[in-house]
Structure formats: structure tokens, C-alpha cells
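If you're wondering where the values come from, they're calculated on a predicted model, not measured in any experiment. Nothing fancy with the numbering, it's 1 onward along the sequence.
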Amino acid sequence: MTLFRARVTSQSLTRWCLCLVMATAAGACRSESKPESPPGAPAASVQAAAAEEPVDLHGTGGVEGVDAAYDRSRQPAKFIAALGIAPGQRIADVGAGQGYFTQRLAEAVGPTGRVVATDINDEAIRRLRERVLARKNVEVRKVEPDAPGLEAGTYDLILLSEVDHFLSDRVDYLTRLRAALTPQGRIAVTHLRAMRPPLAAAAQTAGYAVVSEYNDLPDHYLLFLRPTVSP
């Protein structure tokens, strides 16, 4: 009996050891199949770090045809007609953002004209470049926040659309723009009507006169400025 119990005990111990080894190996395999996280980093934090960074497009405007209500407010066809653009002209779309008016400006100047669309936002610039890739008369240009980045004596029209409130100093910026105009060049500024007084005051201080104004837009003013002093 003692020998039998010993044998039974020995056999049971052997089976228990084998089970322990197999369980340990299986656990090791399951552990190797899971990606390791940095020590002390919760799983949610690791997933959040891998997520794509949000794109900041604040203040870059829209794209025509995306928001019907915005299109009704801006009236792009009527607006471009009011600018009085002639084929072959050179136009700067300052603070163009995603280029709400850029493509229509390019159509207005035609193949012999040129549109330079500027902005400071990298993502807006990337998107606009993709949209105008087939247009040979459009250049998309990144500039510094307070520097127009435009060639002297070159532009027949410089457009500032819903952008002057972003300028740190309206007077200084308008003063810098003056050198980029041709002798008969104009600056067109459009914004919500409540934004007209500070712009008009800055324009006068910077040496401009309001030569005409268009008042047939639902929510926006449109002023045309010409320098009263030399650059």
C-alpha cells in the first residue's frame, strides 16, 4: 500500500508539473502577442498619442459650394463683378485662406493675368494649392503675419477679404501694401459692415482715400482705396 500510494503520489506530481509548465508557456505566448506600452502609460494615452493631430483652420474662410448659407451671404459672382477686374491684370488675394474667391479671381484675369494668393496658415495653403493645381495663372504663397510679401509696383488690385481684423496693426500693414500697387492700382477691402469703421480710419491714417464703395451685398461692405501719398 505504501508503495502504491507513493507511485500514485509521484504520478500525480508529475502530471501537476506538466500542467504548470504548459500553463506558463501559454501565458508567455499570450504576453508576447500583446504590444507593450511604455511603463506607467495608460492604454488610452498611447492611443491618443497615435491619433492624428487636429487641423487648425480658424480664420481661413470657406470654400464656395460647401455652405449654401455662407454663399448667399458672400454672393461670390456679384462680388467678383463689383471688383471690375480686366483680363490680364495682376491681383493679390491677401489672407486668402482656403481661397474662397481665388478661383473666381483667376477666371476674371484670364490666362494672361495672374493671381497671387497669400496666407500664413500651412494647412490652408496646402489645401488651396491642391485646389488650384491645374490653374497656371495662380500662385499660392506663404507669408509672415505682418509682412505682405508682395513685389513692388506689380499689382492692379489687392484684395483683403475678412482679414484686416487679424492684423496686429492695420495702419502699418496698409502702409506696407502701398508699395506693391501699380500707379493706378487699388485696394479692395470687404468685411462685415460692423467692421467698416476701424478699417476706414486706418486707411485714412495710412494715406488712402476711399474712391468708391459697393453696397449691394447682404452683410458685407466693399471699399475701394487708392493712395493719396507716394509709397
Side-chain angles (χ1 to χ4, degrees), residues 55-85 91-108 115-129 131-132 138 140-150 155 157-177 180-181 185-204 206 208 210-225:
V55 175
D56 180 15
L57 290 174
H58 173 69
T60 63
V63 175
E64 186 182 348
V66 173
D67 185 338
Y70 188 68
D71 291 344
R72 286 193 296 271
S73 173
R74 300 310 307 271
Q75 296 285 310
K78 183 183 287 187
F79 177 84
I80 295 297
L83 294 179
I85 298 169
I91 296 177
D93 189 0
V94 172
Q98 298 184 74
Y100 187 80
F101 290 122
T102 304
Q103 301 227 48
R104 284 186 178 266
L105 292 171
E107 291 170 1
V115 175
V116 175
T118 70
D119 206 87
I120 65 173
N121 186 295
D122 288 325
E123 179 61 20
I125 287 173
R126 183 189 68 79
R127 295 188 183 193
L128 180 54
R129 279 181 177 149
R131 291 177 54 231
V132 300
V138 177
V140 181
R141 184 182 297 176
K142 183 177 180 180
V143 295
E144 296 302 317
D146 294 316
L150 301 174
Y155 297 90
L157 180 72
I158 297 176
L159 172 63
L160 283 78
S161 173
E162 290 190 337
V163 71
D164 63 279
H165 65 296
F166 288 114
L167 303 175
S168 62
D169 186 333
R170 286 181 175 92
V171 173
D172 179 69
Y173 198 89
L174 290 170
T175 301
R176 290 169 181 260
L177 281 180
L181 291 169
R186 303 170 297 155
I187 294 179
V189 187
T190 185
H191 213 310
L192 295 170
R193 288 195 174 90
M195 303 296 292
R196 185 188 185 282
L199 184 281
Q204 184 177 13
Y208 291 88
V210 177
V211 293
S212 61
E213 185 166 358
Y214 184 76
N215 292 304
D216 199 21
L217 298 171
D219 305 304
H220 292 70
Y221 72 83
L222 172 57
L223 291 181
F224 293 95
L225 309 174

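- Scanning all heavy atoms of the two residues, the minimum distance from T102 to A96 falls at OG1-CB, 3.9 Å.
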Between H220 and Q75, is the side-chain hydrogen bond (donor to acceptor under 3.5 Å, both in side chains) condition met? List the steps. CA-CA 10 Å; H220 292 70; Q75 296 285 310; over 6 Å; no
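- R141 is linked by a side chain to side chain contact (heavy atoms under 4.5 Å, CB included) to V116, T118, E139, V143, L150, E151, Y155, counting only residues two or more places apart in sequence or in another chain.
- The closest side-chain heavy-atom distance from R131 to V63 is below 4.5 Å.
- If you check the side chains of Y100 and D93, you find no donor sitting under 3.5 Å from an acceptor.
- Contact annotation: the side chain of R104 approaches that of E64 to within less than 4.5 Å [non-hydrogen atoms, C-beta and beyond].
- Counting heavy atoms from C-beta on, the side chains of V94 and I158 come closer than 4.5 Å.
- A salt bridge does not link R126 to D122: none of the charged nitrogens lies less than 4.0 Å from a carboxylate oxygen.
- Looking at L160 and T190, their side chains never come closer than 4.5 Å, going by heavy atoms from C-beta outward.
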Evaluate side chain to side chain contact (heavy atoms under 4.5 Å, CB included) for D146 paired with D169, printing each intermediate quantity in order. CA-CA 8 Å; D146 294 316; D169 186 333; over 6 Å; no
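- One N or O on the side chain of R193 and one on the backbone of P218 form a donor-acceptor pair closer than 3.5 Å.
- In this structure, F79 and L159 have side chains that are in contact, with non-hydrogen atoms separated by less than 4.5 Å.
- At least one side-chain heavy atom of L177 sits less than 4.5 Å from a side-chain heavy atom of Y208.
- Residues in residues 212-224 take part in these salt bridge (Lys or Arg N to Asp or Glu O under 4.0 Å) pairs, two or more places apart or across chains: K78-D216, R196-E213.
- Within the 4.5 Å cutoff, side-chain heavy atoms of L83 are placed close to those of L222.
- Side-chain contact between S161 and R74: present, with at least one pair of heavy atoms (C-beta onward) separated by less than 4.5 Å.
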